[in-house]
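Single-structure report; data block below.
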Amino acid sequence: QVRLVQSGGGVVQAGGSLRLSCAASGRISSINAMSWYRQAPGNKRDRVAAFTSGDSVNYADSVKGRFTISGDNAKSTVYLQMNNLKPEDTAVYYCYAPWGGWGQGTQVTVSS
C-alpha cells in the first residue's frame with residue numbers, strides 16, 4: 001500500500017519562501033496526477049497546484065506566479081515551492097494522489 005509522507009512547512013514572515021515535499025512510500029509508476037491542496041480554518045480544502053494531463057501543470061489563481069509544483073519520478077517525490085508568501089497563504093497543506101490518497105498534512109503559517 002502506497003503512503004504519502006509530507007515534510008517541510010513551518011512559520012515564515014510575509015515575503016518569505018518555503019518548500020514542501022511529498023514522498024510516496026512504495027513503488028509508484030509516475031508522479032503524474034499528484035497535486036497539492038490547502039485548508040485554512042473554517043474553509044474547505046482547495047487545490048492549489050497539480051500535475052494535469054501530460055506535462056501540464058495547473059495553479060489556483062491565488063498562487064500563480066508565486067508557487068511552483070515540481071517532481072522527481074526517481075524519488076517518487078513531489079515538491080511545492082512557495083515564494084513571496086502572504087498571510088492569506090496560512091493553512092494546512094496536503095498532497096494528494098489518486099492512487100495513494102492524502103498526505104498527513106503540514107502547517108504553513110505566514111506572519112505579517
Side-chain angles (χ1 to χ4, degrees):
Q1 184 177 357
V2 177
R3 290 177 57 238
L4 300 179
V5 180
Q6 296 180 221
S7 59
V11 180
V12 65
Q13 289 187 330
S17 298
L18 287 172
R19 190 176 82 155
L20 306 181
S21 299
C22 175
S25 64
R27 180 172 294 180
I28 64 170
S29 59
S30 172
I31 59 174
N32 284 349
M34 291 185 71
S35 54
W36 287 96
Y37 286 72
R38 68 185 181 188
Q39 187 169 20
N43 291 356
K44 64 181 179 67
R45 194 172 296 185
D46 292 322
R47 194 174 78 177
V48 295
F51 288 110
T52 56
S53 60
D55 294 328
S56 298
V57 297
N58 181 268
Y59 296 99
D61 288 343
S62 59
V63 306
K64 281 181 181 176
R66 301 187 297 121
F67 289 14
T68 303
I69 186 172
S70 63
D72 186 334
N73 270 309
K75 296 181 178 180
S76 300
T77 300
V78 172
Y79 306 96
L80 184 67
Q81 178 67 42
M82 305 182 291
N83 297 329
N84 190 21
L85 283 160
K86 304 176 181 180
E88 52 263 42
D89 294 320
T90 296
V92 178
Y93 284 71
Y94 300 88
C95 61
Y96 173 76
W99 35 258
W102 297 94
Q104 81 275 19
T106 185
Q107 178 70 45
V108 170
T109 302
V110 184
S111 61
S112 56

What heavy-atom pair brings [X] and [Y] nearest, and what distance separates the two atoms?
X   : Y    : result
N84 : D89  : O-OD2, 4.5 Å
P87 : S112 : CG-CB, 3.9 Å
N32 : W99  : O-NE1, 4.0 Å
R38 : A91  : CB-CB, 3.9 Å
S62 : R66  : O-NH2, 2.8 Å

Out of curiosity, [X] [atom1] to [Y] [atom2], how far, rounded to the nearest 0.5 Å?
X    : Y   : atom1 : atom2 : value
Q104 : L4  : CD    : CG    : 9.0 Å
I31  : C95 : CD1   : SG    : 11.5 Å
L18  : Q81 : CG    : CD    : 8.5 Å

Transitively linked via ILVMFWY side-chain contacts under 4.5 Å: [X] with [Y]?
X    : Y   : value
I69  : Y79 : no
W102 : L20 : no
V92  : L85 : no
V12  : F67 : yes
W36  : V57 : yes

Pairs involving residues 13-23, ordered by first then second residue, that meet side chain to side chain donor-acceptor pair (under 3.5 Å) (sequence neighbours left out)
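Checked against side chain to side chain donor-acceptor pair (under 3.5 Å) - neighbours excluded - the pairs reaching residues 13-23 are S17-N83.
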Qualifying residues under salt bridge (Lys or Arg N to Asp or Glu O under 4.0 Å), relative to K75, sequence neighbours excluded
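With neighbours one apart ignored, the set is empty.
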Any idea how Y96 and Y37 line up, ring-wise: parallel (<30°), tilted (30 to 60°), or perpendicular (>60°)?
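The rings of Y96 and Y37 stand perpendicular, inter-plane angle above 60°.
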Is D61 paired with K64 through a side-chain N to carboxylate O contact shorter than 4.0 Å?
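Here K64 pairs with D61 in a salt bridge, since their nearest N and O are under 4.0 Å apart.
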Donor-acceptor under 3.5 Å (Y94 side chain, Q6 main chain):
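Judged by distance alone, no pair lies under 3.5 Å.
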Quick check: does any side chain N or O of T106 sit under 3.5 Å from a backbone N or O of G8, one acting as donor and the other as acceptor?
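Looks like yes, one N/O pair under 3.5 Å.
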Applying side-chain contact (heavy atoms from CB on, under 4.5 Å), run through Q107 and V11 and close with a yes or a no.
CA-CA 8 Å; Q107 178 70 45; V11 180; over 6 Å; no
